[in-house]
Amino acid sequence: MNKFSWYNAKSVEEALQEVNATVSEALSPKSPEAPAVFKSGGVDLLDLMKEGLVKPHKIININQIEGLDKITYDKKDGLRMGANATLAQIEAHPQIKETYLALHQAVAHAGTPQLRTMASLGGNLAQRTRCWYFRSIHHECLRKGSGTCFARDGENEYHAIMKNGACASVHASSVATALLAFDARVEIQNSKGKKNEVNLADFFVAPGDDSSRENILEADELITAVMVPPTSSKMRSYYMKQGARESYDWALADVAVVAEMSGTTCKKASVALGAAAPVPLLSKPAAQALEGKILDEATASSTAEAAMKGATPLAKNGYKVPLFKSIIKRTILAIA
Amino acid sequence: MIQCKTSKEIGGMGHSMRRKEDARFIQGKGQYVDDIKLPEMLYMDIVRSPFAYAKITNINIEKAMALPGVLAVITGKDLEQYNLHWMPTLMSDTQMVLPVDTVMYQSQEVAAVIATERYIAADAVELVEVEYEPMQPVMDPYKAMEADAPVLRIDKEGKTDNHIWHWEAGDKEATDRIFDDAEVKVKEQMHIPRIHVASIETCGCVANYDKVNNHLTMYMTTQAPHAIRTVIALVAGHVGLTEEKVRVISPDIGGGFGGKVPVYPGYVIAIAASFLIGKPVKWIEDRSENLQADSFARDYHITAEMAGTKDGKILATRFKLLCDHGYTDAAANPSKFPTGLFSICTGSYDYGHSYAEADAVYTNKPPGGVAYRCSFRVTEAVHAIERITDCYAQEINKDPAQLRFDNFINKDQFPYKSALGWEYDSGDYHQGLQKAMEVVGYDDLRKEQAEKRARGELMGIGISTFTEIVGAGPSREFDILGIKMFDSAEIRVHPTGKAIARFGTKSQGQGHETTYAQIVAEELGIPAEHIQVEEGDTDTAPYGLGTYASRSTPTAGAAAAIASRKLREKAKKIAAYLLEVSEEDLEWEPGKFFVKGAPDKAKTIQEIVFAAYTNHPQGMEAGFEATHYYDPPNLTFPSGAYICVVDIDKETGEVKVRRFVAIDDCGHIINPMIVQGQVHGGLTQGLAPALYEELIYDEEGNILNGTFMDYLVPTAVESPSWETGHTVTPSPHHPIGAKGVGESPTVGAPPAIVNAVVDALSHLGVTHMEIPITAPKVWKILKEKGAL
């Protein structure tokens with residue numbers, strides 16, 4: 001790990017004046033000579049630094065910015081979570097558990113209690129992939145600018161089974177899976193003080209579009225909050241995750257389903273898949289397969305089939321297709 | 001219920017006394033090597049190779065040396081001047097300390113930086129410029145054995161292949177004949193993958209060379225401090241560090257599991273640095289270095305075969321091994337046993353013929369072969385025999401429990417000579433399995449399985465009835481680098497009747513401070529609470545070979561008992577003198593001698609000891625001390641009957657261990673609570689390779705899971721609620737009838753789990769699964785067998 005200087009930012013504005021690179025830029029050939037990057041919980045940044053992938057000259061600690069960890073909820077406006085809110089805070093929030101169960105479940109299954117105490121929501125969404133070729137300093141992979149994805153023909157049992165033509169990594173955030181199903185939006189502030197809101201689905205960037213990044217953030221931008229629309233009493237949600245190890249592990253497959261019910265019939269649904277593709281995915285075919293149907297075994301199965309239609313597993317991860325089908329089915333049946 | 005001979009106050013054998021050492025551990029007051037800070041101490045960090053096989057064309061240290069605070073950058077060429085660039089391994093192979101021109105595995109030490117601060121050392125590592133010319137590594141041991149494979153160890157004069165050694169045991173011809181004529185033969189290929197001990201504390205040391213007195217104090221995380229002192233003297237004696245000038249101190253250790261027996265290059269470099277600079281040098285590995293460069297275990301490719309009759313009588317076994325040691329044979333086996341004690345592979349069964357052979361091979365993996373909580377290669381042996389026994393049962397469609405009952409060595413056959421020459425000391429295998437079956441409810445589980453199978457659900461029951469071989473060992477056969485594998489105890493009882501006892505072993509979590517005190521308490525009646533146990537300082541402790549291979553209780557524990565008995569003999573003489581009777585008139589009960597028929601006429605051990613300093617009989621040597629070096633007449637053979645119940649989720653491929661019953665027989669138990677703790681930990685370390693752990697390398701020699709994020713160690717969440725119990729079959733040759741237990745669970749658990757998984761899938765025609773059994777492997781086999 002290299003030597004770096006430390007800067008405690010007191011405000012978003014101040015932080016945005018100090019930064020000159022996103023973490024993705026800092027580990028790419030495009031990195032400024034003396035990269036200055038944000039750190040909130042520091043969970044992923046510290047890993048990247050220990051792995052020798054990122055060598056920031058300056059770390060701008062945004063963890064002390066007042067109010068940036070605030071969580072507010074009201075029935076009319078929904079949920080607003082500051083970017084510095086920790087996963088532990090979200091997990092412990094009673095109204096999130098009551099109203100956005102899938103989000104609570106996704107957060108509660110992430111990492112370990114120690115990690116959740118440190119990890120911030122913004123950092124979780126902006127974290128880099130856990131692909132072991134990307135994380136190895138010895139592999140100059142596509143995402144690091146070489147033009148080669150080693151996973152596609154290599155050890156790919158944990159890798160993507162959809163949209164994996166360019167790069168087979170999967171996005172690591174399981175929180176994103178749940179937020180995506182809830183149609184969350186991300187608030188981003190830039191150095192000119194302008195605030196933008198984007199759909200979470202549009203926040204992530206597929207490697208086919210730009211392999212050097214996993215989201216749209218520019219160097220002078222900071223996630224300030226994540227907003228989740230209000231729910232109705234007719235909405236139900238559920239999240240499930242399967243990992244190689246039950247605790248303290250990333251997902252092999254994770255699924256969040258949000259359904260608006262009319263009696264036993266699903267009127268409107270969204271189905272999000274994590275660890276399926278390089279970005280968290282909203283499955284439209286799955287949502288369509290649910291809508292207008294009674295949530296039973298047959299619907300669950302046909303939804304699972306629809307979600308996995310067109311999957312392109314690699315040599316060693318074919319098992320993830322039936323695994324996803326099974327998790328999707330179980331998640332739907334848990335709602336029913 | 002264990003019968004105790006002593007009162008709770010004395011706390012001898014059989015009492016679940018709380019661990020004396022825990023007071024400091026649970027309060028964070030343990031003293032580990034990284035807690036040691038000496039005046040003027042320097043810090044070392046290591047430059048490591050990114051390549052698995054490469055020529056070093058240049059090392060430029062200028063930029064690193066220019067960094068303020070950097071005192072030295074040490075390369076292989078520097079060490080070469082002192083002939084310190086090579087060292088012997090404990091298996092009499094050779095290993096680079098630092099390379100002069102070639103690196104042989106990824107993460108190999110290339111250079112070392114010495115700086116005034118840890119952070120500066122780390123920064124300077126990044127500034128050392130090394131130019132490499134990469135070569136194609138050899139990662140597959142089978143390819144390494146091919147005739148046209150590139151020869152890796154060209155440093156060895158005349159070496160024309162990658163073969164390290166050949167070993168064999170048993171009567172090949174006779175065994176082959178049995179196989180030729182046998183009604184039933186089963187054969188299975190199995191790989192025991194490369195795994196890592198992953199102790200929470202990594203390796204490290206503080207080397208403190210005192211120029212004025214020409215003396216080295218080496219604080220290090222070692223399981224065998226005395227052996228290390230001797231090795232240091234052998235390696236560095238020519239530069240003046242003869243053995244009396246070396247003191248090794250092994251402070252508290254955060255887990256060893258065999259990984260802290262070998263000498264790693266970092267230790268030698270730290271000594272060299274301290275020797276050259278004249279100041280203390282600290283080297284502590286980080287987690288990635290530890291996972292990527294040190295402490296590898298297993299990596300055996302095994303072909304196991306069993307021959308038997310149609311009705312289930314085992315007649316013979318055959319085993320063929322290919323042992324991947326990586327760059328050098330860095331195992332820590334007894335010298336005459338290159339495959340360790342693999343020849344225990346005949347198991348708990350009574351049959352006449354077996355033959356085992358092994359070939360070891362060099363590859364471009366890090367040096368491997370430490371005995372990870374498995375005595376020496378017993379995990380590999382037990383996996384082979386317990387798996388192939390199940391294959392046989394499956395082949396002839398016989399219940400695996402019944403097959404075992406029909407083939408067990410009977411308790412009246414002990415001492416039993418195995419087909420590969422071991423003399424098993426004692427055992428009651430029938431009783432163990434019977435008990436395990438009762439606890440788990442075997443018959444009901446079989447009924448449940450049949451019902452579930454009819455419904456298409458997957459449930460399996462797996463058995464492992466293993467025999468361990470521990471307590472190395474008798475001097476006629478066992479040595480490491482020529483030093484015989486006895487162990488020692490020295491007991492000094494102070495005038496007030498309190499004692500200090502020192503040993504040649506070194507606890508790394510085993511609880512020696514408690515269990516050794518209990519052995520002395522049992523023999524002398526001095527309360528265990530008042531017996532202070534000390535280990536790990538070569539200047540004070542008697543010489544011993546250390547703690548690994550479940551040898552502490554069988555060797556040093558025996559030494560404690562015999563040293564105590566020597567003292568009791570002396571006590572008897574003093575008591576006779578004090579009571580003015582003859583020795584024959586005295587009887588002993590824990591804590592005192594009394595006159596036969598007159599129990600009021602008695603002298604307590606405390607009174608006797610006081611007299612030894614104040615009023616000892618004329619002509620008798622004063623004081624109350626004894627030392628014993630115990631050379632065991634035989635090894636001990638603990639055993640166990642484990643039954644595992646698994647449920648397999650057909651859709652996700654996930655294997656869930658629903659129940660795990662472990663009935664261990666380690667002879668007489670010193671402290672039931674500590675034994676239970678040992679078993680819990682060992683079972684979890686058995687679960688690990690069965691379901692989770694394997695180090696994965698790509699063809700270029702890159703490790704793909706060299707951090708705890710990708711190398712999956714099971715946590716409490718993944719561990720089932722272990723159900724433990726015991727039977728007691730004392731070792732007839734051990735002074736207190738104990739056998740050792742530390743490694744039984746690690747050895748016995750993996751085949752029980754695999755047997756359960758295969759049992760769940762057996763109706764589909766599955767006969768074997770390679771470990772770790774991951775969900776993708778289960779899914780793949782279900783798909784192949786048309787079950788999805």
Check each atom of [X] against the heavy atoms of chain A and say whether the ones under 4.5 Å are side chain, backbone, both or neither.
{"X": "B:Ile696", "result": "side chain"}
{"X": "B:Phe708", "result": "backbone"}
{"X": "B:Val125", "result": "neither"}

Among A:Ala253, A:Gly318, A:Gly52, the residue with the most heavy-atom pairs under 4.5 Å to chain B is A:Gly318
Can you say whether A:Leu252 sits under 4.5 Å from chain B via the side chain, the backbone, both, or neither, judging by heavy atoms? neither
Suppose we count any N or O donor within 3.5 Å of an acceptor, strictly below that value; which pairs fall between chain B and chain A?
unit_1, atom_1, unit_2, atom_2, d
B:Gln106, NE2, A:His138, NE2, 3.3
B:Glu126, OE1, A:Lys55, NZ, 3.3
B:Glu126, OE2, A:Met1, N, 3.4
B:Asp649, OD1, A:Arg330, NH2, 2.7
B:Asp649, OD2, A:Arg330, NH1, 2.6
B:Asp649, OD2, A:Arg330, NH2, 2.8
B:Glu651, OE1, A:Ser326, OG, 3.1
B:Glu651, OE1, A:Arg330, NE, 3.4
B:Glu651, OE1, A:Arg330, NH2, 3.1
B:Glu651, OE2, A:Lys329, NZ, 2.8
B:Glu654, OE1, A:Gln242, NE2, 3.0
B:Lys656, NZ, A:Glu246, OE1, 2.8
B:Lys656, NZ, A:Glu246, OE2, 3.4
B:Asp698, OD2, A:His139, NE2, 3.0
B:Asn702, ND2, A:His139, NE2, 3.3
B:Val713, O, A:Arg245, NH1, 2.4
B:Thr715, OG1, A:Ser247, OG, 2.8
B:Glu718, OE1, A:Ser247, OG, 3.3
B:Glu718, OE2, A:Glu246, N, 2.9
B:Glu718, OE2, A:Ser247, N, 2.6
B:Glu718, OE2, A:Ser247, OG, 3.0

